[in-house]
Asks: 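Have a look at this one.
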2 protein chains.
Amino acid sequence: MLTNSSKYALKAVLYLAQYSSEEHKLMVKDFYEKINVPRAYLAKLLQELSRHKLVSSTRGPRGGFYLSEENRDQPLISIIDVIDGPTRLTSCMLSLEECNEDRPCPLHAAFQPSRIKMIRNLEQLTLRELARDLEQQRSFLPR
Amino acid sequence: MLTNSSKYALKAVLYLAQYSSEEHKLMVKDFYEKINVPRAYLAKLLQELSRHKLVSSTRGPRGGFYLSEENRDQPLISIIDVIDGPTRLTSCMLSLEECNEDRPCPLHAAFQPSRIKMIRNLEQLTLRELARDLEQQRSFLPR
DNA sequence: TTATAAAAAGATATTTATATCCTCAATATG
DNA sequence: CATATTGAGGATATAAATATCTTTTTATAA
């Protein structure tokens, strides 16, 4: 479904959404263990997200990563698109280029409705909303 | 969602479901191009499925691969389980071991319904049913 | 202004998935 | 029984994903 990389990235931004702010930045070394992601690899992923303005960062002493208010309004799909590439979830289940509604692949009819629903969710749910669920203990983010 | 390997495998069994029978076996060299799968790699995948009794084969002249009537009654998930391993689709979206209904991960609530629906489809749809769709031109299997 | 701390960037290593090649074993047919 | 043909199996090669290490840049604050 998702690559390890995008799972790592989602865990990281959800953690940042919960525990960071512009006034309280988090360094990689301070939370990579909390989300069980390899330290150096997490740094790479966050750099990539930072380049795409999906997380915020500053260098130097007292620097670190955090989510700005704008960052928090991004949908989940934006993280996945940057890390996994934008076609990962939308392409045909059998990766057939010519699959479409008029000439669907054998899996198309049965799976397209639930696939579309999942993608809509990813496009609509924002980090802010999921962070609220975490805060209210309606969901949890164990290592 | 699925690996290339299981996509290849699904395309192959769907092709065999359409065009092979015990009386009309297909050799790898005769159809790998039809489904756009690397020849030697397709052979490997079919061997693996054969070992698990999901496709039938005989060696020697006039040998090849085909689907028996029993093979045709297998659900799609059995192919995927053999090639990708059985946990690929069922594990948590974030691969959190401790994610469950009582302590769900942040993605759980939004995605579990459509995920379950997809998995049910894979468990219930048989090769025979999808082959029938192909035969009736309700679906298509382009290269 | 200097020392230090942090991310950014680049280079490299490792692991897994994908792909190919070569030999062996089985089977049909003359 | 000999031979050709096919899948089975093992070994190897390549590409992509995952992971680590080192150096550079930027910012802080003493």
Side-chain angles (χ1 to χ4, degrees), chain A residues 1-13 16 20 22-33 35-68 71 80 82-85 87-88 95, chain B residues 1-13 16 20 22-33 35-68 71 80 82-85 87-88 95:
Chain A
M1 185 78 73
L2 304 177
T3 62
N4 279 335
S5 295
S6 66
K7 288 173 184 176
Y8 289 167
L10 286 171
K11 288 200 288 182
V13 294
L16 288 174
S20 81
E22 185 158 8
E23 297 74 43
H24 186 69
K25 292 158 190 155
L26 295 183
M27 296 178 293
V28 167
K29 69 173 179 190
D30 287 340
F31 77 103
Y32 74 96
E33 287 170 308
I35 57 174
N36 198 27
V37 175
R39 178 171 173 172
Y41 198 59
L42 174 59
K44 282 290 181 207
L45 293 169
L46 289 173
Q47 282 165 31
E48 180 75 10
L49 294 177
S50 177
R51 244 176 271 132
H52 286 82
K53 313 282 187 200
L54 294 176
V55 306
S56 304
S57 66
T58 60
R59 306 200 229 195
R62 310 210 40 198
F65 292 96
Y66 66 99
L67 292 198
S68 67
N71 294 151
I80 295 167
V82 162
I83 303 296
D84 287 349
T87 59
R88 169 129 190 143
S95 296
Chain B
M1 185 78 72
L2 304 176
T3 62
N4 279 335
S5 295
S6 66
K7 288 174 184 175
Y8 290 167
L10 287 171
K11 288 201 286 183
V13 295
L16 289 174
S20 81
E22 185 157 9
E23 298 74 42
H24 186 70
K25 293 157 190 155
L26 296 183
M27 296 178 293
V28 167
K29 69 173 177 191
D30 287 339
F31 77 104
Y32 74 96
E33 287 171 308
I35 57 174
N36 199 27
V37 176
R39 177 171 173 171
Y41 198 59
L42 174 58
K44 281 292 182 207
L45 293 168
L46 288 173
Q47 282 165 31
E48 180 76 10
L49 294 176
S50 177
R51 246 176 269 131
H52 285 83
K53 313 282 186 199
L54 295 176
V55 307
S56 305
S57 66
T58 60
R59 304 199 229 194
R62 310 209 41 196
F65 293 97
Y66 64 99
L67 292 199
S68 67
N71 293 152
I80 295 166
V82 163
I83 303 297
D84 287 349
T87 59
R88 169 125 191 148
S95 296

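Protein chains get the first letters and strands the later ones, always in sequence-line order, with residue 1 at the start of each. All values below come from the heavy atoms of this structure, side chains included, with hydrogens, waters and symmetry mates left out.
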Asks: OP1 or OP2 of D:dT6 versus the side-chain N and O atoms of B:Thr58: is any pair under 4.0 Å?
Replies: no
Asks: Is the distance from OP1 or OP2 of D:dT18 to the nearest side-chain N or O of A:Ser5 less than 4.0 Å?
Replies: yes
Asks: The criterion is salt bridge (Lys or Arg N to Asp or Glu O under 4.0 Å); which residues satisfy it with B:Arg51, sequence neighbours excluded?
Replies: B:Glu48
Asks: Hey, does the side chain of A:Lys44 come within less than 4.0 Å of D:dA19's phosphate (OP1/OP2), counting only N and O?
Replies: no
Asks: Name the pairs: protein N/O against N/O of nucleotides 24-26 of chain C, kept only if under 3.5 Å.
Replies:
| from | atom 1 | to | atom 2 | distance (Å) |
| --- | --- | --- | --- | --- |
| C:dA25 | N3 | B:Arg59 | NH1 | 3.4 |

Asks: Of all the nucleotides listed (C:dA7, D:dG7, D:dT18), which has the minimum atom distance to the side chain of A:Tyr41?
Replies: D:dT18
Asks: Round to a whole Å and report the spacing from CG of B:Asp30 to P of D:dT5.
Replies: 13 Å
Asks: Within the pair B:Ser57 and D:dA8, is there a side-chain N or O less than 4.0 Å away from OP1 or OP2?
Replies: yes
Asks: Mind calculating the distance between CZ (A:Arg51) and C1' (C:dA9) to the nearest angstrom?
Replies: 8 Å
Asks: Should A:Lys25 be listed as having a side-chain N or O under 4.0 Å from OP1 or OP2 of C:dA6?
Replies: no
Asks: Going by side chain to side chain donor-acceptor pair (under 3.5 Å), name the residues that satisfy it together with B:Glu33, two or more places apart in sequence or in a different chain.
Replies: none
Asks: Give, for atom NZ of B:Lys44 and atom CD1 of B:Ile83, the distance between the pair rounded to the nearest 0.5 Å.
Replies: 12.0 Å
Asks: Determine whether a donor-acceptor pair (one donor, one acceptor, N or O, separation below 3.5 Å) exists between the side chain of A:Gln47 and the base of C:dA8.
Replies: yes
